[in-house]
J.: 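After the structure tokens below, expect a handful of questions from me.
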Amino acid sequence: MTKTVTRLAELIHETSSSLPDDAEKALRAALRREAKDSSARLVLETILKNVALARAAGTPVCQDTGTLTFFVSENLRRTVTPERIAAAVAAATERGWLRRNTNDAVTGKSIDSNVCPGAPVIHYTLDAESKVRLIMKGGGSENMSMQFSLPDASLGAGRDLEGVRRAVLAAVQHAQGYGCAPGILGVCIGGDRAAGFEESKHQLLRNLADTNPVPALAKLERRILREANSFGIGPMGLGGKTTLLAVKIGARPRVPASFFVTVAYLCWAARRREISW
Amino acid sequence: MTTLTYPFSEVDVRALKAGDAVSVNGLIRTGRDRFHKFFADGGKLPCDFRDGALFHCGPVVVKNPDGSWRVVAGGPTTSVRENPYEPAFIEQTGVRLIIGKGGMDARTLDACAKCGAVYLQAVGGAAAVTAHAITRVTNVYFLEEFGAAEACWEFEVKDFRCVVAMDSHGTSLFAQVEAASNRRFRELLAK
Ligand code: SF4
């Protein structure tokens with residue numbers, strides 16, 4: 001293995017077995033909010049115990065090691081190549097850091113190495129930050145992601161930030177606890193359908209404690225988080241004060257005819273890492 | 001926290017209410033898609049589920065050098081896929097605890113009421129904790145036929161923590177939570 005491949009394989013191992021600090025902190029804060037002897041507390045205690053066990057043993061936080069999506073700064077394109085990323089994924093699978101988790105969509109057959117055209121997903125991003133970012137997103141949470149086309153009469157959602165709020169709250173109501181709540185929402189306003197899903201996932205890379213640089217979006221993030229947590233859905237949908245840990249909103253330009261709101265749901269097992277190269 | 005120990009009696013199980021936290025101890029068995037299909041097709045079960053527990057789980061199990069088994073990961077799998085089979089399974093076997101994630105349908109809820117069974121939610125994704133609670137693998141059925149992830153494993157568990165999501169009095173916590181959150185959602189949309 002080349003040095004680059006080894007380093008990428010280590011990134012995968014870390015991401016798979018160790019939840020980022022900000023996510024763990026948010027889970028701890030959630031635990032303090034929930035009532036004594038509540039099912040919400042039991043769930044959060046179990047989750048935190050699970051996080052500690054996985055980190056200590058270097059084993060996957062969740063058995064569904066998810067879809068791997070890499071975001072690589074454009075200036076690293078010649079070092080962190082798709083071939084090297086693929087080699088790292090295959091090596092990590094071999095070591096048991098990733099489950100055999102990729103199936104051919106037509107035949108249903110398992111692709112044991114987790115590597116084939118389209119897997120893992122790699123985006124080269126237009127920045128010169130020299131960073132490699134990885135997110136591993138499980139299927140149960142991905143199933144809860146949604147896209148809305150505004151206006152939407154059933155929600156009274158027009159083509160403005162109030163319409164965005166309504167659509168996102170509808171996504172929360174739809175998801176309940178089925179994507180392994182408490183979750184994190186990445187939202188994209190605008191774009192075409194494909195850009196919407198890409199950007200909403202990109203938002204999930206943000207530190208949970210950061211503040212959106214766009215004041216209007218920062219305000220909307222806070223409002224939706226507060227409102228979603230008043231739904232009472234709670235950890236794993238069993239009731240409680242913590243339905244979401246964070247809401248992160250970004251935007252992409254759109255054509256005048258379209259106004260999409262895309263909501264990516266990430267479960268509590270928010271496995272993401274970034275390294276400076 | 002209510003402690004339940006195998007064999008699970010009808011009286012104990014009927015005393016549980018949706019939302020109760022429980023600690024499960026003793027023998028439990030796994031069964032998922034192929035296991036349920038086999039049963040629905042009239043297959044004969046190799047073991048007695050009366051007063052027992054059925055866990056919807058596809059564990060990762062490795063063989064120790066001495067030939068015994070060890071569970072590496074063992075989180076619950078989504079239960080809705082077994083909806084078509086579960087009412088008959090509950091009625092015919094006398095199983096008391098169904099353990100999984102995401103809840104099950106109204107027919108299963110009815111069967112729980114009729115027979116004195118409950119549905120327990122284990123924490124989704126918490127594979128390491130669940131594996132930790134499994135202290136011993138005591139037997140396995142259908143390993144050859146169904147493969148390791150679908151086989152019927154017999155586990156000894158200690159302090160396996162779950163929440164009663166569907167009780168034997170017709171209450172489903174999921175339905176309750178969803179109805180309440182829908183009310184709140186409508187309220188917020190009216191603003
Ligand atoms: S939704 Fe997340 S926590 Fe739940 S099973 Fe999937 S990967 Fe694991």
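Side-chain atoms are counted along with the backbone in the values below, which use heavy atoms only and exclude waters and symmetry mates.
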J.: Let me confirm one number: the CZ-OG distance from Arg161(B) to Ser39(A), rounded to the nearest 0.5 Å.
T.: 13.5 Å
J.: Check Ala54(A) against Ala128(B) and note the closest heavy-atom contact, atom names and distance.
T.: N-CB, 4.4 Å
J.: Any sub-3.5 Å donor-acceptor pair from Trp268(A)'s side-chain atoms to Gly125(B)'s backbone N or O?
T.: no
J.: Identify which part of Ala170(A) has an atom lying under 4.5 Å from any heavy atom of chain B, answering side chain, backbone, both or neither.
T.: both
J.: Chain B heavy atoms under 4.5 Å from Arg99(A): which part of the residue, side chain, backbone, both or neither?
T.: neither
J.: Which distance, rounded to the nearest 0.5 Å, do you find between the OH of Tyr178(A) and the CD of Glu178(B)?
T.: 5.5 Å
J.: To check you understand the geometry: which heavy-atom pair defines the closest contact between Leu42(A) and Ala21(B), and what is its length?
T.: CD1-CB, 3.6 Å
J.: Nearest 0.5 Å, what's the CZ-CZ distance between Arg166(A) and Phe185(B)?
T.: 8.5 Å
J.: How many angstroms lie between atom CG of Asn50(A) and atom NE2 of His132(B), to the nearest 0.5 angstrom?
T.: 10.5 Å
J.: Output the distance between atom CG (Leu169(A)) and atom CZ (Arg184(B)), rounded to the nearest 0.5 Å.
T.: 9.5 Å
J.: Closest approach of Phe174(B) and Gly237(A), non-hydrogen atoms and distance?
T.: CD2-O, 4.0 Å
J.: Decide if atom CG of Asn103(A) counts as having more than 12 heavy atoms of other residues, nucleotides or ligands within a radius under 6.0 Å.
T.: yes
J.: Let me confirm one number: the NZ-CG distance from Lys101(B) to Leu238(A), rounded to the nearest 0.5 Å.
T.: 12.5 Å
J.: Using heavy-atom distances under 4.5 Å, tell me whether Val61(A) contacts chain B through its side chain, its backbone, both, or neither.
T.: backbone
J.: Would you please go through residues 52-83 of chain B and name the residues with a non-hydrogen atom below 4.5 Å from one of chain A, in numerical order?
T.: Ala73(B), Gly75(B), Pro76(B)
J.: Do you know which of Gly232(A), Gly239(A), Ser230(A) has the most heavy-atom pairs under 4.5 Å to chain B?
T.: Ser230(A)
J.: Quick check: are there more than 12 heavy atoms from other residues, nucleotides or ligands sitting under 6.0 Å from CZ of Arg95(A)?
T.: no
J.: Determine the option with the most heavy-atom pairs under 4.5 angstrom with chain A, choosing from Leu188(B), Val163(B), Leu173(B).
T.: Leu188(B)
J.: Compare every heavy atom of Gln63(A) with every heavy atom of Ala127(B), then report the nearest pair and how far apart it is.
T.: CB-OE1, 2.9 Å
J.: For residues Arg165(A) and Lys191(B), report the shortest heavy-atom separation together with the two atoms involved.
T.: NH2-CB, 4.4 Å
J.: Under 4.5 Å from any heavy atom of chain B, what part of Gln176(A) do you find: side chain, backbone, both or neither?
T.: side chain
J.: When you look at CD of Glu162(A), are more than 12 heavy atoms from neighbouring residues, nucleotides or ligands closer to it than 6.0 Å?
T.: yes
